[in-house]
Amino acid sequence: MSGHEESPEPPPTRREVVTETLHGTEIPDPYRWLEGDGEAVREWTEAQNDYADTHLDTATREQLRPEMEKLAEVTEYGAVKAENGRYFQTVEAPDDDHARLLVRESPDGDGTVLVDPNAWPANDDEGAPTRSMSWFLPAPDGKHVAYAVTEGGDEHVDVHVATVPDAETVAVLEDRGRVHLGLIGFDAVSPGMLAWDADGEGFYYVATGGADAGAQMETELRHWRFDGSEETLLEHDDQHVWPTVRTDRASGTLAVGFSAVGGGIDWYVEVDGALRPVVADGDAETFVVFHEDTVFLQTDHEAPRKRLLTCSLGRLREGDLAFDECETVLPERAGILQSFAVTTEHVVAQYLEDAHSRLAVYDRDGGHVRDLDLPDYASVSDLRVDDAEAVLYRVESFHRPPTLVRADPATGDRRELARADVDVPEGLVVRQEFVDSTDGAEVPVFVCHRADVERDGDNPAVLHGYGGFRSSRPPSFDRFRLPFLGDGGVYAQVCARGGQEYGEAWHEAGMLAEKQHTFDDFVAAAEHLRAVGYADPDRLAVTGRSNGGLSVGAVVTQRPDLWAAARCTVPLLDMLRFHRFLLGESWTTEYGHPEDPEAFEYIREYSPYHNVERGVDYPPVLFTTAVGDTRVHPAHARKMTARLQAEADGGPFLLRTETDAGHGGGPSTAALVTEQVDEWTFLYDRLGMGE
């Protein structure tokens, strides 16, 4: 392996043991002080970054940097949102650090720039702006657009409002908190946390408190108007629920959903200034979509794979709607109903079948008309309808760059609007294999590699996964993965329990007391890759981020013999204290609450930080986190790194902390390239691919 003949010692970390007694069990924590943000923690973090550089500053890094920079110099096209004959889209050109927001008068017409973060003042060491645009939402009349501005990757935003097409800023709502437009595991018909008025006079949105004050789950539903007035309609401080909003553009009806993270959604409608309960099932995941005088409800109530129902707008406004009062348009089927789009005559539904997409067209009564052609093992997202009643969507796979498509549901005709111009290595193949895991589960694993790769156990391989919060893992494209595949690497992705690849039962089989199943699925996938000859343990790495970082931490501590390396990104690792940081309390519905005696027992069994064993030979691990992460606290990665460095054999155990990034990575292309170079350098060198 390149550059590791002499390994310096990691920087010293002082031990200050804090012992808590939880449910009669003493829990020592020698690195509690790393949960802080004072000067001592900053100095320690800088020393850890320097130590990581001693292992990452190899010939491989210089070999990969030009490749990654070239891959960054590709035009990227965001999904298209159509309103009143105008088509809104983000486009990031090769020389851009951030994507611009454009508006077009036709699907593939010339674009007018509405927002250009690249022109904002430079304020980082490389001369690039650290502010970026994280989302946008055009008004139904197409004459205004709201968009979010974030600093350094922070998920807390200022909301700006601009005119279309002359891009005049007419309002700035500063420091509005976590105003996001999506829910975990859902895309095109997600209600989000901002919705325009039907009359075009303003919008409703959900504002949150700040991370510094520990108030991210303290929310207010507000109504902002162009005349500058703003009214608070509702205050909400349930730590386990996110409010979300949706409006009917014809009647002005406001629907408010209260969504448990990874759980059900209760819906209310505003009538005469008061919120009236409509769907209050508790456990059902239900999404409400308005179309003319009809309300569509996508729900898993008595349908774990989801179904599509309708009722009249008038009936919805009466409140207390029972599901059996609704008409069924699409009954539960073999696949999982992921999203849908409605035209005057058709419903276009996206199903997940064995974790990859199918697009089907139905008439408004639910009769099957046709399927829309998709590549094998593809993933569809951002399914929407334009004013001409065509559907717009994005399709991709492991070896197919994201492509924006416009299709006619009536005829099935389709054409590509845009596609990232990326040089994909020739001869890549994708397979789907199924592995036997615990409790009789048959777990899907996607595998991508060059066609000429032999199953001789001597291939460098990476296993990636997530497994939680109802978030499925269908095929996805990552241009920075291409050099690894071109150099003969094998990329595998496990659809571990905890996601929703097979409905709510698949989710529940990997949550709360069943969480160990998620880790079992990772292990089963790794053993399968070894058994069929893709890679032996000395050439197999495991990777994951956020909840997937928890999965990585668990399988590294439970089965260190399976891995040559691990990349653990913005992870949860101290599972006895996760609920004390940032958004952690809201995740207790997924993991269980450490303060509950029963949950404490099963959480402690897998909590990575509490299962590091002194003297065990653990594989090298690269932990990455960010100072600006307002979702998963960097203390998880800090404490785990310190413990492994002090108590474990093997390694090295490296920690890279970004200073101008958040939970979603770096704020600019330059920062993204640096991140990717470091992560792939680590994997190349540890898997024997470096020079």
Side-chain angles (χ1 to χ4, degrees), residues 10-11 13-14 31-53 56 97-98 122-132 134 148-158 175 177-178 180 208-216 545-547 549-550 553 567-574 577-578 580-584 609 621-643 645 653-679 682:
T13 304
R14 79 170 183 270
Y31 303 108
R32 180 75 56 88
W33 68 275
L34 288 173
E35 296 175 2
D37 59 1
E39 184 61 28
V41 172
R42 286 192 288 273
E43 291 178 356
W44 181 88
T45 298
E46 291 173 2
Q48 289 292 340
N49 276 343
D50 291 342
Y51 175 63
D53 275 333
L56 297 174
D97 266 314
H98 301 281
N123 54 358
D124 75 352
D125 293 339
E126 304 297 325
T130 58
R131 289 192 303 158
S132 59
S134 58
V149 176
T150 178
E151 178 74 39
D154 191 329
E155 293 180 309
H156 289 245
V157 304
D158 299 337
D175 195 22
R178 306 181 68 90
H180 294 300
T208 78
D212 292 343
Q216 292 186 98
R545 64 179 302 119
S546 193
N547 171 79
L550 166 62
R567 192 180 72 199
C568 191
T569 308
V570 289
L572 290 92
L573 296 164
D574 182 347
R577 288 180 61 77
F578 77 91
R580 299 177 182 269
F581 307 116
L582 302 175
L583 302 182
Y609 180 64
V621 184
L622 173 61
F623 297 99
T624 56
T625 187
V627 172
D629 193 335
T630 56
R631 193 179 306 190
V632 177
H633 199 284
H636 287 275
R638 293 172 187 161
K639 292 167 63 175
M640 188 71 173
T641 300
R643 187 160 227 164
Q645 288 177 348
F653 310 110
L654 311 178
L655 174 64
R656 165 72 73 208
T657 302
E658 302 297 336
T659 56
D660 291 319
H663 191 72
S668 69
T669 298
L672 177 62
V673 168
T674 298
E675 173 189 293
Q676 294 293 324
V677 168
D678 283 352
E679 292 185 0
F682 173 78

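Only this structure's heavy atoms are used, side chains among them; waters, hydrogens and symmetry mates stay out.
Across every non-hydrogen atom of L655 and N49, the tightest pair is O-OD1, 3.5 Å. Smallest separation of non-hydrogen atoms from H98 and S132: ND1-CB, 3.4 Å. In plain terms, the two heavy atoms of T624 and P571 that are nearest each other are O-CD, 3.8 Å. In plain terms, the two heavy atoms of L56 and D678 that are nearest each other are CD2-O, 3.8 Å. Between N547 and L572 the shortest heavy-atom distance is N-CD1, 4.0 Å. Contact detail for L573 and G549: the closest heavy-atom pair is CD2-O, 4.0 Å.
Taken to the nearest 0.5 Å, the CG atom of D574 stands 13.5 Å off from the OH atom of Y31. Note: L34 CG to Q48 CD = 8.5 Å, rounded to the nearest 0.5 Å. To the nearest 0.5 Å, the span separating CG on L654 from CZ on R567 amounts to 13.5 Å. Note that CZ of R32 is 5.5 Å distant from NZ of K639, once rounded to the nearest 0.5 Å.
Using a 4.5 Å heavy-atom cutoff, the side chains of V157 and S134 are in contact. In this structure the side chain of E658 never reaches within 4.5 angstrom of the side chain of V627, judged on heavy atoms. At a threshold of 4.5 Å between non-hydrogen side-chain atoms, the residues H636 and F578 count as touching. Side-chain contact between F581 and E35 is present, with heavy atoms from C-beta onward closer than 4.5 Å. Proximity of T569 to E679: side-chain heavy atoms (C-beta onward) are separated by under 4.5 Å at one or more points.
Both the sub-6.0 Å distance and the 45° axial angle are not jointly satisfied by R638 relative to the ring of W44.
Of the charged side-chain nitrogens involved, at least one lies within less than 4.0 Å of a carboxylate oxygen, so that R656 and D53 count as a salt-bridged pair.
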Note to self: Between R577 and Y609, does the side chain to side chain contact (heavy atoms under 4.5 Å, CB included) criterion hold? Intermediate values first, please.
What the structure shows: CA-CA 10 Å; R577 288 180 61 77; Y609 180 64; over 6 Å; no
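Counted within 6.0 Å of CG on D50, heavy atoms from surrounding residues, nucleotides or ligands total more than 12; the atom is thus considered enclosed.
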